Asks: 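I am attaching a structure below and will ask some questions about it afterwards.
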Amino acid sequence: QVQLVESGGGLVQPGGSLRLSCVASGFTISSYAMSWVRQAPGKGLEWVAGINTGGDIIRNIDSVANRFTISRDNTKNTLYLQLNSLKPEDTAVYYCAAKKVESSQIYFRKTSGYDYQGQGTQVTVSS
């Protein structure tokens with residue numbers, strides 16, 4: 001059974017940190033560009049960060065630059081998102097998503113069209 005399972009979310013004060021994990025099963029992520037997508041309360045999906053198959057091409061939206069870091073460990077079939085200096089506006093459900101790619105140079109910068117997506121983990125930033 002193919003699954004992406006996120007974990008690591010929770011309630012944190014502004015300025016705090018969290019580390020999200022996304023473990024894949026039923027397929028090998030090494031052939032997939034991976035992304036984190038979030039959905040804030042009452043808003044649509046927002047692409048947050050993406051990474052290529054080898055982990056050497058990383059992109060993110062400007063609002064999380066120098067605060068969030070996407071990474072992957074293909075040997076553990078796991079995607080990560082390190083969240084630092086969290087702000088209330090980061091409150092959202094965070095989803096990981098996987099897109100099969102033919103090139104190692106591709107990252108996927110979209111909110112839909114993935115081959116697989118997890119169920120999400122809630123991140124709440126509040127004092």
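The shown structure was predicted, so the numbers you read here are calculated from the model rather than taken from an experiment.
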Asks: What about V123 and V5, same hydrophobic cluster or not, with Ile/Leu/Val/Met/Phe/Trp/Tyr joined at side-chain heavy-atom distances under 4.5 Å?
Replies: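 No, because V123 and V5 fall into different hydrophobic clusters, even though each may have its own neighbours under 4.5 Å.
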Asks: Would you list the atom pairs, donor with acceptor, under 3.5 Å between side chains in residues 10-25 and any protein atom, with sequence neighbours excluded?
Replies:
unit_1, atom_1, unit_2, atom_2, d
S17, OG, N84, OD1, 3.0

Asks: Could you check whether atom CD of E89 has more than 12 heavy atoms from other residues, nucleotides or ligands sitting under 6.0 Å from it?
Replies: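 Count over threshold, so yes.
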Asks: How long is the gap from OG on S103 to CD1 on I57, to the nearest 0.5 Å?
Replies: 7.5 Å
Asks: Would you mind reporting whether T28 and N77 have side-chain heavy atoms less than 4.5 Å apart?
Replies: yes
Asks: Taking the side chain as every heavy atom from C-beta outward, state whether K99 and I106 have any atom pair closer than 4.5 Å.
Replies: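 Counting from C-beta outward, K99 and I106 never come under 4.5 Å.
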Asks: Would the distance check show the side chain of N74 and the main-chain N or O of T53 forming a donor-acceptor pair, the cut-off being under 3.5 Å?
Replies: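 Pair found, side chain donor or acceptor close to backbone of T53.
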Asks: When you measure from the side chain of N52 to the backbone of S104, do you find a donor-acceptor pair of N or O atoms at a distance under 3.5 Å?
Replies: yes
Asks: Nearest 0.5 Å, please: how far is OG in S30 from CZ in R72?
Replies: 7.5 Å
Asks: Quick one: ring pair (Phe, Tyr, Trp, His ring centres under 6.0 Å) partners of F68, sequence neighbours excluded?
Replies: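 Result, ring pair (Phe, Tyr, Trp, His ring centres under 6.0 Å) vs F68: none returned.
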Asks: With a 4.5 Å cut-off on side-chain heavy atoms, are L81 and I70 touching?
Replies: yes
Asks: In terms of heavy-atom contacts, does CD of Q119 have more than 12 from other residues, nucleotides or ligands at under 6.0 Å?
Replies: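 No - once you tally the heavy atoms of other residues, nucleotides and ligands closer than 6.0 Å, there are 12 at most.
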Asks: Quick one: do M34 and L4 satisfy side chain to side chain contact (heavy atoms under 4.5 Å, CB included)? Show the steps, please.
Replies: CA-CA 11 Å; M34 303 294 292; L4 286 171; 4.3 Å; yes
Asks: Any chance you could lay out the side chain to side chain contact (heavy atoms under 4.5 Å, CB included) test for Y95 and Q39, step after step, and finish with the verdict?
Replies: CA-CA 8 Å; Y95 302 91; Q39 186 166 27; 4.2 Å; yes
Asks: Which pairs with one or both residues in residues 27-46 pass ring-ring contact (aromatic ring centres under 6.0 Å, His included), sequence neighbours excluded?
Replies: F27-Y32, F27-Y116, Y32-Y116
Asks: According to a 4.5 Å side-chain heavy-atom criterion applied to Ile, Leu, Val, Met, Phe, Trp and Tyr, with indirect links allowed, do V37 and V64 form part of one hydrophobic cluster?
Replies: yes
Asks: Indicate if V101 and I51 have the same hydrophobic cluster label, given that clusters are the connected sets of ILVMFWY residues with side-chain heavy-atom separations under 4.5 angstrom.
Replies: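 No, V101 does not connect to I51 through the hydrophobic network.
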Asks: Tell me whether the rings of F108 and Y114 are parallel (<30°), tilted (30 to 60°) or perpendicular (>60°).
Replies: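 Plane angle over 60°, so perpendicular.
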Asks: Should we say atom CG of N66 is surrounded by more than 12 heavy atoms from elsewhere, each under 6.0 Å from it?
Replies: no
Asks: Working note: R38 + I61, criterion side chain to side chain contact (heavy atoms under 4.5 Å, CB included); need CA distance, chi angles, decisive distance, verdict.
Replies: CA-CA 12 Å; R38 68 185 179 184; I61 53 176; 4.0 Å; yes
